[in-house]
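Read the structure below first, then the notes.
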Amino acid sequence: MNNRTEEPPKNFIRQIIDQDLADGKNDGKVLTRFPPEPNGYLHIGHAKSICLNFGIASDYQGLCNLRFDDTNPDKESQEYIDAIQEDIRWLGFEWSKLCYASDYFEQLYDYAVSLIESGKAFVCSLDSEEIRRQRGTLTEPGVESPYRNRTVEENLDLFLRMREGEFQEGEHVLRAKIDMASANINMRDPVLYRIKHTVHPRTLNQWCIYPMYDYTHCISDAWEAITHSLCTLEFEDHRPLYDWVLDTLETPCHPQQIEFARLALDYTITSKRKLNSLVQDKHVSGWDDPRMPTLSGMRRRGIPPEAIQDFCERIGITKKDALIEMSVLENCIREFLDSRTARMMCVLKPLKVVIENYPEDEEEMLDVANHPKDPDMGRRSVPFSRTLYIERDDFMEDPPGKFFRLAPGREVRLRYAYNITCTDVVKNEAGEVTELRCRYDPESQGATGRKKKVKGVIHWVSTKHAVDAEVRLYDRLFNIPDPGSSPELAASLNPDSLKVLKDCKIEPAAQMLALEDRVQFERQGYFCLDRVHTRKEYPVFNRIVTLRDSWQKLERKV
RNA sequence: UGGGCCGUCGCCAAGCGGUAAGGCACCGGGUUUUGAUCCCGGCAUUCGCAGGUUCGAAUCCUGCCGGCCCAGCCA
């Protein structure tokens, strides 16, 4: 699943596992789990966790389960359950067991009963507002619930009746009996069960009481014999409760919770709630909009899963809140794609060129390598003729010093073909350039003709043979580095995150591409044939990432 | 100033008492029919700050400073 050749990077979690193994803990086994709540689509932040959990399992000859944390039917749905599985597989991982917290509801209930029996839990009949008020504050202790000393019998009776649907939502909850004066608010008699008369995507109407995360997660881990339960930093304060539940109950084992920092990528967001609002408010076309940092969006965009894995490995695992620069991801994508994609020529913004000294009805098929360094990628024929399209940006009437592309009187090389010199510029009444008249040097083709050095090389497509296409140019979704911390999300959206070019011209080889295939359009970037909108006679390409562009860098400086 | 956690180059990140790896970014230079790729070189006398322990500290101790998380019947 992972073609990693070098040693996996060391991080503090692997060090803990190494030590555990050295100490002979867990019978030398390593079992992890990836536990998403099915209330949204997976994003790049989840990818970090997936790569960590599945990566560790595979490197230590262990296993990793996929477990849906489906304890809140108000927010969860089968759509998400299906999408999450598809995305994990696409990323390149396969789970050992497919589990659902909801599969444990019956056992979870039994455990709750035993907690009541041992006097460690009680039914509280305060409403949520009262519970909140009595919980105290960060600096003041809470006060004990007046229901805290109900008898075991009464608690048992009430809890059973909660299950049987005798009560309205909010009438009662089951609470752990821990310590209302604890400095850790999570330990102030936390709620374990609440009543919800909601249809659950899997258990349907079977239950009207649902266990809370803190109660469910640790027990689920223990039942699956998870050895290392990896989660993000915000659960650090919950670890004492995780341990309390497992210490108080008789569970088969006691997994170790270890927390690491969640991923933050600049110029984007990794919050399911905020991602969802972009979808709901139609700022993007859906969860799989190619600008979204969701796995489905990145797939649609054309980002290879291997590049995402590489990225997750490079950023490391620590407890430090980090904001990773997008350039790291882009570098991973380019690095993966460079050696693996065929090259092609595509003119994004066409400008017509007529080669006056090239015979009217002649055309040549040029034999061209698909990859500059890898002969195994084969060759193809590219048609050349008297009239061509070149990129508008490759011509300037009055070019600045370092511009070595086409300009009046200047000579450039047409990639794989001839040198041409611009002899005349044709304009319309508005003064816009509509056509270039050029002359070519018949001696300049092929290996021998190359001896004359010209600084500029530009791409082109023969007008007669060109395939019309749409190209979608994507840029960062937000125009500030940390939109997640901005109060007004929509205000920081980048208005230029998508540019649709409907009049692009590609060489005929483009017709051989299959949906989701990736190519490099020379001098422009990597592109992916869109799997949703492409039609046979009108391909649609998504730009995955640009090529590094030192010209643009230079240009910006001037 | 209740509790938990974090602070090593612009962004990540190794380092675990013996004298600052690596990646991204950036800046040079070479190769090149992609201003791409590739190659070569540069890029922290210093580890949030201040004291202390030690022959020796980014690593140990103390005290500050800065940042993040927690008062859902969310996860």
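All of these numbers come straight from a predicted model, not from anything done at the bench. A, B, ... follow the sequence lines: proteins, then strands. Residue 1 opens every chain.
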Problem set entry | Residue-phosphate contact under 4.0 Å: A:Arg135 side-chain N/O, B:G72 OP1/OP2 | yes
Seminar exercise, completed: Whole-Å distance, A:Trp244 CH2 to B:G3 C1', equals 19 Å
Exercise. Rounding to the closest angstrom, what is the interatomic distance between B:C9 and B:U46 at atom C1'?
Worked result: 10 Å
For this session: Tell whether A:Arg405 reaches the base of B:G35 with its side chain through a donor-acceptor pair below 3.5 angstrom.
Result: yes
Problem set entry | N or O in side chain of A:Lys320 less than 4.0 angstrom from B:U8 OP1/OP2 | yes
Exercise. When rounded to the nearest Å, what value does the distance between P atoms of B:A14 and B:G48 take?
Worked result: 15 Å
Problem set entry | Spacing between A:Leu241 atom CG and B:A75 atom P, to the nearest angstrom | 12 Å
Exercise. If you check every side-chain atom of A:Glu37, which of B:A36, B:A75, B:C26 has the closest atom?
Worked result: B:A75
For this session: With P as the reference atom in both, quote the distance from B:U32 to B:C39 in angstrom, rounded to an integer.
Result: 16 Å
Exercise. What is the nucleic acid contact for A:Arg314, judged by heavy atoms within less than 4.0 Å: base, sugar-phosphate only, or nothing?
Worked result: sugar-phosphate
Problem set entry | Axial cation check for A:Tyr109 ring with A:Arg163, 6.0 Å and 45° limits | yes
Exercise. With a 4.0 Å cut-off on heavy atoms, is A:Thr137 in touch with a base, just the backbone sugar-phosphate, or nothing at all?
Worked result: base
Exercise. Does A:Glu129 come within less than 4.0 Å of A:Arg132, counting only side-chain N to carboxylate O?
Worked result: yes
Exercise. Checking all strands, does A:Leu547 fall into the base, sugar-phosphate, or nothing category for heavy-atom contacts under 4.0 angstrom?
Worked result: base
Exercise. Which base sits across from B:U62 as a Watson-Crick or G-U pair, both distances under 3.5 Å?
Worked result: B:A50
For this session: Measure distances between side-chain N and O atoms of A:Glu325 and base N and O atoms of B:G10, and say whether any donor-acceptor pair falls under 3.5 Å.
Result: yes
Problem set entry | Sugar-phosphate, base or nothing in reach of A:Lys373, heavy atoms under 4.0 Å | base
Exercise. Counting only Watson-Crick or G-U wobble pairs whose two distances fall under 3.5 Å, which nucleotide matches B:C38?
Worked result: B:G30
For this session: Write down the distance separating the C1' atoms in B:G2 and B:G10, rounded off to the nearest Å.
Result: 37 Å
For this session: For A:Thr318, report the nucleic acid contact type (base, sugar-phosphate, nothing); a contact means any heavy atom under 4.0 Å.
Result: sugar-phosphate
Exercise. Which nucleotide sits closest to the side chain of A:Val328: B:A36, B:C24, B:C73?
Worked result: B:C24
Exercise. Just how far, in rounded Å, is P of B:U37 from CZ of A:Phe336?
Worked result: 17 Å
Exercise. In Å and rounded to the nearest 0.5 Å, what is the CG to CG distance from A:Leu263 to A:Leu265?
Worked result: 5.0 Å
For this session: Establish, with yes or no, whether the OP1 or OP2 oxygen of B:A75 is under 4.0 angstrom from a side-chain nitrogen or oxygen of A:Arg194.
Result: yes
Seminar exercise, completed: Whole-Å distance, A:Gln257 CD to B:G4 P, equals 16 Å
Problem set entry | Distance between C1' atoms of B:G17 and B:A57 (Å, rounded) | 6 Å
Seminar exercise, completed: Rounded to whole Å, the CZ-P distance (A:Phe34 to B:A75) equals 16 Å
For this session: Name the nucleic acid region contacted by A:Thr71, choosing base, sugar-phosphate or nothing; use a 4.0 angstrom heavy-atom cut-off, strictly under.
Result: sugar-phosphate
For this session: Would you classify A:Met345 as touching base, sugar-phosphate or nothing, given that sugar-phosphate means primed atoms plus P, OP1 and OP2, and contacts are heavy atoms under 4.0 Å?
Result: nothing
Exercise. Does NZ or CZ of A:Arg543 lie under 6.0 Å from the centre of the six-membered ring of A:Phe541, at an angle within 45° of the ring axis?
Worked result: no
Exercise. NA contact type, A:Leu138, heavy-atom cut-off 4.0 Å: base, sugar-phosphate, or nothing?
Worked result: base
Exercise. For A:Arg334, which contact category applies under a 4.0 Å heavy-atom criterion: base, sugar-phosphate, or nothing?
Worked result: nothing
For this session: Can you tell me the pairing partner of B:G2 across any strand shown, Watson-Crick or G-U wobble, with both distances under 3.5 angstrom?
Result: B:C70
Problem set entry | Any strand: nucleotide that pairs with B:A21 via Watson-Crick or wobble, under 3.5 Å | none
Exercise. Counting just side-chain N and O atoms, does A:Arg548 come under 4.0 Å of either OP1 or OP2 of B:A25?
Worked result: yes
For this session: Please state the P separation for the pair B:C65 and B:A20 - nearest whole angstrom.
Result: 31 Å
Problem set entry | A:Tyr213 aromatic ring stacked with six-membered ring of B:A75, 5.5 Å and 30° | no
Exercise. Do A:Gln520 side-chain and B:U34 base share a donor-acceptor contact under 3.5 Å?
Worked result: yes
For this session: Name the nucleic acid region contacted by A:Arg132, choosing base, sugar-phosphate or nothing; use a 4.0 angstrom heavy-atom cut-off, strictly under.
Result: sugar-phosphate
Exercise. Hey, does A:Phe404 reach any base, or is it just sugar-phosphate, or nothing, if we go heavy atoms under 4.0 Å?
Worked result: base
Seminar exercise, completed: Here the distance between atom C1' of B:C5 and atom CD1 of A:Ile185, to the nearest Å, is 16 Å
For this session: With heavy atoms under 4.0 Å as the rule, sort A:Tyr418 into base, sugar-phosphate or nothing.
Result: nothing
For this session: Provide, to the nearest angstrom, the distance between the CG atom belonging to A:Asn186 and the P atom belonging to B:C73.
Result: 10 Å
Problem set entry | Check: A:Asp394 and A:Arg523 side chains under 4.5 Å, non-hydrogen atoms | yes
Exercise. When the C1' atoms of B:U59 and B:A75 are considered, how many whole Å apart are they?
Worked result: 37 Å
For this session: Before accepting this row, confirm whether a basic side-chain N of the pair A:Lys319/A:Glu236 lies closer than 4.0 Å to the acidic partner's carboxylate O.
Result: yes
Seminar exercise, completed: Comparing nearest nucleotides in RNA chain B, the 5'-proximal residue of the pair A:Asn11, A:Leu323 is A:Leu323
Problem set entry | Sugar-phosphate only, base, or nothing, as touched by A:Leu366 at under 4.0 Å among non-hydrogen atoms | nothing
For this session: Would you classify A:Glu330 as touching base, sugar-phosphate or nothing, given that sugar-phosphate means primed atoms plus P, OP1 and OP2, and contacts are heavy atoms under 4.0 Å?
Result: nothing
Exercise. Has A:Lys75 got a side-chain N or O lying under 4.0 Å from the OP1 or OP2 atom of B:A75?
Worked result: no
For this session: May I ask you to say whether A:Arg14 pairs ionically with A:Asp59, meaning some side-chain N is under 4.0 Å from a carboxylate O?
Result: yes
Problem set entry | Any N/O donor-acceptor pair, A:Asp237 side-chain to B:G3 base, under 3.5 Å | yes
Exercise. Which residue lies toward the 5' end of RNA chain B, A:Gln15 or A:Lys455, if each is placed at its nearest nucleotide?
Worked result: A:Gln15
Exercise. OP1, OP2 of B:C12 versus side-chain N and O of A:Lys319: anything below 4.0 Å?
Worked result: no
Exercise. Is there side-chain contact between A:Ile324 and A:Phe311, with at least one heavy-atom pair below 4.5 Å?
Worked result: yes
Exercise. Which way is the base of B:G72 turned, syn or anti, if we draw the line at 90° from 0?
Worked result: syn
Problem set entry | Rounded distance in Å between the P positions of B:U1 and B:C27 | 43 Å
Exercise. Are A:Glu330 and A:Arg548 within salt-bridge range, i.e. N to O under 4.0 Å?
Worked result: no
Seminar exercise, completed: side-chain hydrogen bond (donor to acceptor under 3.5 Å, both in side chains) test vs A:His459 passes for just one of A:Glu391, A:Glu507, A:Arg343, namely A:Glu391
For this session: Among the candidates B:A75, B:U34, B:G35, find the nucleotide nearest to the side-chain atoms of A:Trp551.
Result: B:G35
Problem set entry | Nearest-angstrom distance from the residue atom CG of A:Asp266 to C1' of B:C11 | 8 Å
